[in-house]
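Numbering of ligands and ligand atoms starts at 1, following listing order. We count residues from 1, following the sequence as given.
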Amino acid sequence: MCGIFCYIGMQDAVALVMDGLKKLEYRGYDSAGIAINNNGILIHKRQGKLEALSSSVPPAFRGSKVAIGHTRWATHGSPNIVNAHPHVSADGKIAMVHNGIIENYETFRSSFGETDIQCEGETDSEVLVKYIALQYQEPFQNLEEVVAKVLSEVQGSYSLVIMEESKPHKIIAARRGSPLVVGRSDDGYYLASDILPILPHTRKVVYLEDGEIVVIENNQLQIFDFSYQQKQAEFQYLNIDLHSADKTGYKHYMLKEIHEQPKALRRGHGQQMSNDNLLPELQPFMETISKAGRIIILGCGTSWHAGLVAEYVIEKLCRVPVEVEYASEFRYRDPVIYADDVIVALSQSGETADTLVALEEAKKHGALLYGVVNVPTSSIARLVDVYSNIFAGPEISVASTKAFICQLNALYLFAIKLGKYNGNLSPDYSLSVLKELRQVPDILKNYLSYIVYRIKNIAMIYSHVNHTLFLGRGLQFPIALEGALKLKEVSYIHAEGYPAAEMKHGPIALIEKGWPVIIIALKSDPHYKKVLSNIEEIKARGGSVIGIISEGDESIKDNVENWIEIPRISFLLSPMFTVIPMQLLAYYIGLHKGCDIDKPRNLAKSVTVE
Ligand code: F6R
């Protein structure tokens, strides 16, 4: 949700910033811009993807040792060149890039009334930088003091970086609610919305906390709070693996990440299942977790779907009531939260604003907060009492795939650990589930090697459709939702996910001749026969059924128009396999339609605004 990358130091800042922004493009890609300060502030912006910006940088930008860059996902104002960042003060002497939302920007704008300050665009960011410049007068000695004062008045969430024309060796940055990392290397300082683009340059970083301002001037770094009190800067050395963030020969990140799933799971198993001490980080909290009256799972989008699978699994293996909530809904309905609740936040990025604010609300009630994240340095990981890393490695494709399966893996382990701890799960049964879970990466690798060809063909048949219905029962219902979400995101085909049995309560009215329905019908499902009846109901109305079926289930093949088998696996673990055809169907249908798969329209990877 907007990416910021800035550099100040001894190297060619523009090249570094372009490279950094490229790695942040997943956060937004409707427009981009850069500002330098080389004997004066110069701004260059373009509508559209970063390529449009990087291929048109004017020669005057070369040689600057300081630059601030931005790739945008529009919140206020349409995605055009005027609204693109950086924004500047009325006299053009202060430039700013911003990620987030300034909720009370109208209040600031109203103070322009007596002045001749005009905003060219519609963004809250432009208002903010113009307001900061307006306040920059006696008795303030320097810009950071003004920034501190103004930010203490701002409502909303943001990270921002500011440059001042008269101070070419200085950069000021601040955050509240949106991430900002500062890296220090021998040649200078890097500031970014995410650690990924900083890692190739340095592992020495400081994560700005909410309410902090950092000032980098003449190669010195100082941190202040919004009362302009100086704080100790605490750099940490990140000992994290830089997993490959390249496409490594795949046409798209989405396809690469789908094929990476066995490897990602194996990596997780290595860390989370050593000596059968599952998720060892949870050990000190098990007494509290086992006494929980309720587990509340929070997440958005695909992470919410992983939570729905976990609801079935945890209730089955642990007999503890589980509620799964959209984080965005939970936060604002004055939820009832007890101190003995355990709140589980699922988030690939660990930065999703809806999930973060929901957690902040839960924290006030004293519940234990457990995060399941893919980014251990993220805001959610830092907010919760304990977190588990899902070890998916960087997920670049906007449509989430490998994070989902790795979330499931961590949640299965959580359920097994808790079920054993609270005595609901016999040692034999837990061992058998673990044994099967350990086999998943190999079975999945083999499955991916032969199923792609079949799915490509089916995708060709259905790529012209305008509407689809995805159905699944019980554990497969969240997979139906995930299938519909993936298809919508990647191919822009209208898709709805429903519990199979719920179809007769309304959606069946949609079905007419040729209407495609993707239905998960596994022989291992205790309600298999009921799903078969649902298939008959669809066929009776002319629907075209694509069955996601169990390997070796020959009889069902005559009852469906097309089928995709999944390998033999227990029903409990089957979501890790039924989701694969969903991901691949969406990918190949999107590909066939010529969609921009890794950067679907209107979307951004990390949604850091509410
Ligand atoms: C779907 C997708 C989104 C995310 C959602 C939550 O493919 O990627 O629906 O799942 O925005 O993001 P995280 O998990 O980072 O909190």
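Every residue two or more places apart in sequence or in another chain was checked for a ring-ring contact (aromatic ring centres under 6.0 Å, His included) with Tyr387, and none qualifies. Tyr370 pairs by the ring-ring contact (aromatic ring centres under 6.0 Å, His included) definition with Phe414, not counting sequence neighbours.
Rounding to the nearest 0.5 angstrom, the gap separating the CG atom in Leu368 from the OG1 atom in Thr288 is 6.0 Å.
Contact residues of ligand 1 (protein heavy atom closer than 4.0 angstrom to a ligand atom; sorted by chain and number): Cys300, Gly301, Thr302, Ser303, Ser347, Gln348, Ser349, Thr352, Val398, Ala399, Ser400, Leu485, Lys486, Glu489.
Looking at Asp210 and Arg176, no side-chain N of the basic residue comes within less than 4.0 Å of a carboxylate O on the acidic one, giving no salt bridge.
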Donor-acceptor pairs are to be reported for all side-chain atoms of residues 575-582 against protein atoms at under 3.5 Å, with residues two or more places apart or in another chain.
{"unit_1": "Thr578", "atom_1": "OG1", "unit_2": "Gln476", "atom_2": "OE1", "d": "2.8"}
{"unit_1": "Thr578", "atom_1": "OG1", "unit_2": "Ser574", "atom_2": "O", "d": "3.2"}

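Aromatic ring centres of Tyr338 and His365: separated by at least 6.0 Å.
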